[in-house]
Amino acid sequence: MEPLFLYNTLSRQKEKFDPIQPPFVGMYVCGPTVYSDVHLGNCRTFISFDLIYRYLMHAGYKVRYVRNITDAGHLEGDRDEGEDKFAKKAKLEQVEPMEIVQKYSLGFHEVMGLFNTLAPSIEPTATGHISEQIEMTKKIIAQDFAYEVNGTIYFDVQKYCEKNNYGALSNRNLDDLLTNTRELSGQGDKKGRLDFALWIKAKPEHLMRWPSPWGWGFPGWHIECSAMSMKYLGERFDIHGGGMDLIATHHSNELAQSVACNHTEPVKYWMHTNMLTVNGARMSKTAGNGFLPHELFTGKHPLLERGYSPMVVKFFMMQTHYRSTLDFSNEALSASEKGFTRLMSAVKLMDNLKSSDTSSFSLEELKKKCYQAMNDDFNSPVLIAHLFDGVRLINSINDGTATISASDLQELKKLYQAFLYDVLGLKEEKSLGGSNELAADLMNLVLNIRKEIRSKKDFTTSDLIRDELKKINIVIKDTKDGAVWEHSV
RNA sequence: GGUCGGGUGGCCGAGCGGCUAGGCUGAGCUCUGCAAAAGCUCCUACAGCGGUUCAAAUCCGCUCCCGACCUCCA
């Protein structure tokens with residue numbers, strides 16, 4: 001097995017992947033805050049880590065993949081003041097905060113299912129780990145890295161910086177961080193402007209609250225990930241991931257908390273996915289250029305000319321490297337859709353391929369290239385490029401201009417099974433011919449009758465049948481071996 | 001404003017010192033009753049200006065654009 005290299009945000013370079021305790025791999029990814037519909041950018045992050053999860057497993061690792069659900073403690077503004085996002089939404093919809101959590105957790109899982117992502121090994125919730133967060137906060141206080149002001153506990157960044165580099169992840173020095181932070185209102189009782197809350201005192205109107213040594217309150221946003229990753233993956237684990245926007249604040253805070261608590265670097269490899277843009281601009285609610293996954297699938301949004309199926313969207317995402325920005329546009333999506341269809345058609349063609357004594361190409365070479373692509377920081381666009389080289393090969397074999405041996409044919413099928421389905425996590429969406437017995441029988445009948453007509457050179461009727469079928473999305477192709485059909489969605 | 005990251009052919013998107021991916025689109029050809037599909041061929045790019053080097057899209061400097069974070073947004 002060739003070594004795997006991945007880009008570590010901390011070192012800002014590609015590093016050889018060397019798990020702490022092979023064959024086990026611990027991976028933590030910051031999950032969604034379930035107070036509204038999943039953001040498409042969030043989907044991209046989870047789809048990227050799904051690819052990573054799948055490839056690590058394919059490579060033989062025993063992966064424990066933990067992705068949390070934030071269902072408490074996330075405040076408007078991500079500062080330590082303001083309203084709880086869940087409480088706000090609950091008030092708006094006139095329901096319990098936990099109804100909000102339930103509703104959007106279900107919605108999130110549904111969308112991730114449509115994208116054919118695997119469920120994480122553990123999906124812990126913040127509210128289910130309050131005591132762990134309190135314990136961790138206590139430890140940090142005991143180490144003198146946090147202080148209490150009126151029932152709220154703040155992390156002391158200045159103290160932390162005496163011996164540690166707070167800006168290590170974001171690659172910034174402390175002075176820049178301090179001088180470049182704008183003067184904010186509502187700095188509250190913090191000693192330092194970079195300090196952040198580990199535990200927040202609940203105001204009387206707060207619905208979601210828990211007892212603690214410091215009175216009734218709720219956990220700060222950053223502590224949950226530190227507490228839960230520590231609980232399920234240990235004080236030191238392999239991969240921690242999330243969107244790039246989390247680096248400067250959330251992950252830097254997490255890192256500081258864990259180091260303050262355990263005196264050890266919690267994460268060996270920090271991995272971050274890039275942002276998603278629409279027609280070149282960042283997708284955001286205020287810019288009005290954001291659409292929900294369902295709107296993307298159905299095409300019901302002013303920016304969308306039509307809908308694109310989940311697999312097309314996923315394939316489209318996979319054609320861009322996870323560390324590059326991904327730009328959504330109708331043109332790009334349509335291009336991916338055509339490519340995806342061509343790819344899947346060729347894969348299906350493999351079942352009908354005739355083998356020869358020898359192969360006119362090197363299957364080993366193709367296979368090697370696929371692994372090389374994935375071993376180079378999970379380069380799915382390059383992997384897909386090689387998969388398309390295979391498409392041309394498959395079609396050429398089908399046309400008789402290339403040959404394949406029986407054993408290579410078996411290997412080729414395995415290769416696509418492995419990379420297309422197992423690693424990229426793509427799947428057949430269109431019900432191509434034969435998926436439904438009744439439809440297959442009926443179409444057989446139609447095609448046989450049409451064959452009769454064609455043998456009598458009645459092309460007018462023959463074309464009529466083809467045109468009419470096309471109207472109900474059944475495409476007839478007259479090949480030299482007879483007609484075949486497929487049903488497009 | 002500060003810090004960090006980018007600008008690649010008609011579009012999307014890899015590559016990141018020499019061998020100049022891939023997808024989509026367009027043109028032509030082969031096959032075909034016609035389509036469709038498929039195959040083959042063509043259009044060959046690296047924001048601009050300098051510099052380093054035998055050799056630069058790839059390294060360095062400057063300029064111009066764009067994005068991220070610092071401030072609600074994933």
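Atom name C1', nucleotides B/rG67 and B/rA45: the rounded distance is 22 Å, in whole Å. Taking the C1' atom of each, B/rC46 and B/rC11 are spaced 16 Å apart, rounded to whole Å. Comparing the C1' positions of B/rC59 and B/rA21 gives a spacing of 23 Å, expressed to the nearest Å. Remark: the separation of the P atoms in B/rU63 and B/rG13 is 28 Å, to the nearest Å. Using P as the reference atom, B/rG10 and B/rG26 are 16 Å apart when rounded to the nearest Å. When the P atom is compared between B/rU20 and B/rU41, the two are found 15 Å apart, to the nearest whole Å. Here the separation of B/rA36 from B/rU44, taken at their P atoms, is 27 Å to the nearest Å. B/rC62 and B/rG2: their P atoms are spaced 14 Å apart (whole Å).
Ring geometry for A/Phe388 against A/Phe315 counts as perpendicular: the plane angle is over 60°, on a 0 to 90° scale with 30° as the lower cut. Between A/His294 and A/Phe297, the ring planes lie perpendicular to each other; the angle is over 60°, past the 30° to 60° tilted range.
Positionally, the nearest nucleotide of RNA chain B for A/Phe388 lies more toward the 5' end than for the other of A/Phe388 and A/Thr45. Heavy-atom nearest nucleotides on RNA chain B were determined for A/Gly41 and for A/Ala335, and the one closer to the 5' end corresponds to A/Ala335.
In this structure, A/Arg67 is not positioned above the aromatic face of A/Tyr28 in the sense of NZ or CZ being under 6.0 Å from the six-membered ring centre and within 45° of the axis. For the pair A/Arg454 and A/Phe459, the cation does not sit on the ring face, since its NZ or CZ is not both under 6.0 Å from the ring centre and inside 45° of the axis.
Residues A/Lys314 and A/Gly425 approach most closely at NZ-O, 2.9 Å, considering heavy atoms. The two residues A/Leu303 and A/Asn330 come nearest to each other via the heavy atoms O-ND2, 2.9 Å.
One interatomic measurement links the two molecules: CG of A/Asp327 to P of B/rA68, which rounds to 12 Å at whole-angstrom precision. Taking atom CG of residue A/Leu276 and atom P of nucleotide B/rC12, one finds them 15 Å apart after rounding to whole Å. Rounded to an integer number of Å, the gap from A/Leu333 CG to B/rC11 P is 18 Å. The separation between A/Gln319 atom CD and B/rC24 atom P is 9 Å, rounded to whole Å. Taking atom NE2 on A/His250 and atom C1' on B/rA68, their separation rounds to 17 Å, with Å as the unit. Straight-line distance from the NE2 atom of A/His39 to the C1' atom of B/rA68: 13 Å, rounded to whole Å. Spacing between atom CZ of A/Phe316 and atom P of B/rC12 amounts to 10 Å, rounded to whole angstrom units. For A/Phe419 and B/rG22, the CZ to P distance is 19 Å, given to the nearest whole Å.
OP1 or OP2 of B/rG6 has not a single side-chain nitrogen or oxygen of A/Thr325 nearer than 4.0 Å. For the pair A/Tyr322 and B/rG13, the criterion of a side-chain N or O lying under 4.0 Å from OP1 or OP2 is not met. Phosphate contact (OP1/OP2 of B/rG5, side-chain N/O of A/Asn274, threshold under 4.0 Å): absent.
No contact: A/Leu40 has no heavy atom under 4.0 Å from any strand. Heavy atoms of A/His386 sit nowhere under 4.0 angstrom from any nucleic acid atom. Backbone-only contact: A/Ser324 has heavy atoms under 4.0 Å from sugar-phosphate atoms and none from a base. When heavy atoms are screened at a 4.0 angstrom cut-off, A/Thr320 is found touching the sugar-phosphate backbone but no base atom. Note on A/Asp389: only backbone sugar-phosphate atoms sit closer than 4.0 angstrom, heavy atoms only; bases stay farther off.
With distances taken from any side-chain atom of A/Ala385 to the nucleotides B/rA21, B/rA74, B/rG23, the minimum falls on B/rA21. The side chain of A/Met275 sits closest to B/rA68 out of B/rA68, B/rG33, B/rC4.
One finds a salt bridge joining A/Asp463 and A/Arg466 here, because a Lys/Arg side-chain nitrogen approaches an Asp/Glu carboxylate oxygen to under 4.0 Å.
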Dot-bracket notation for RNA chain B is requested: 5' to 3', Watson-Crick or G-U wobble pairs only, both distances under 3.5 Å, with ( ), [ ], | and . as defined.
(((((((..(((.....[...))).(((((.......)))))....(((((..]....))))))))))))....
Worked verdict on A/Glu364 versus A/Lys369 for salt bridge (charged side-chain N to carboxylate O under 4.0 Å, His left out)
CA-CA 9 Å; A/Glu364 272 311 305; A/Lys369 283 179 176 172; over 6 Å; no
ring-ring contact (aromatic ring centres under 6.0 Å, His included) evaluation trace for A/His58 with A/Tyr371
CA-CA 11 Å; A/His58 176 77; A/Tyr371 279 103; 5.7 Å; yes
Any chance you could lay out the side-chain contact (heavy atoms from CB on, under 4.5 Å) test for A/Arg193 and A/Val157, step after step, and finish with the verdict?
CA-CA 9 Å; A/Arg193 51 167 48 158; A/Val157 174; over 6 Å; no
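Aromatic pair A/His222/A/His251: ring centres not closer than 6.0 Å.
Distance alone, capped at 3.5 Å, places no donor-acceptor pair between the A/Asp376 side chain and the A/Asn379 backbone.
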Which atom pairs link the protein and nucleotides 34-39 of chain B when you take only N or O atoms and keep those under 3.5 Å?
unit_1: B/rC34; atom_1: O2; unit_2: A/Arg466; atom_2: NH2; d: 2.6
unit_1: B/rC34; atom_1: N3; unit_2: A/Arg466; atom_2: NH1; d: 3.0
unit_1: B/rC34; atom_1: N3; unit_2: A/Arg466; atom_2: NH2; d: 3.1
unit_1: B/rC34; atom_1: N4; unit_2: A/Arg466; atom_2: NH1; d: 3.4
unit_1: B/rC34; atom_1: N4; unit_2: A/Asp478; atom_2: OD2; d: 3.3
unit_1: B/rA35; atom_1: N6; unit_2: A/Asp478; atom_2: N; d: 3.4
unit_1: B/rA35; atom_1: N6; unit_2: A/Asp478; atom_2: O; d: 2.7
unit_1: B/rA35; atom_1: N1; unit_2: A/Asp478; atom_2: N; d: 3.0
unit_1: B/rA35; atom_1: N3; unit_2: A/Arg466; atom_2: NH1; d: 2.9
unit_1: B/rA38; atom_1: O3'; unit_2: A/Asn395; atom_2: ND2; d: 3.0
unit_1: B/rA38; atom_1: O2'; unit_2: A/Asp399; atom_2: OD2; d: 2.5
unit_1: B/rG39; atom_1: OP1; unit_2: A/Arg342; atom_2: NH1; d: 3.4
unit_1: B/rG39; atom_1: OP1; unit_2: A/Asn395; atom_2: ND2; d: 3.3
unit_1: B/rG39; atom_1: OP2; unit_2: A/Arg342; atom_2: NH1; d: 3.4
unit_1: B/rG39; atom_1: O4'; unit_2: A/Asp399; atom_2: OD2; d: 3.4

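A distance cut-off of 5.5 Å between ring centres, combined with a plane angle under 30°, places A/Phe459 in a stacking arrangement with the base of B/rG33.
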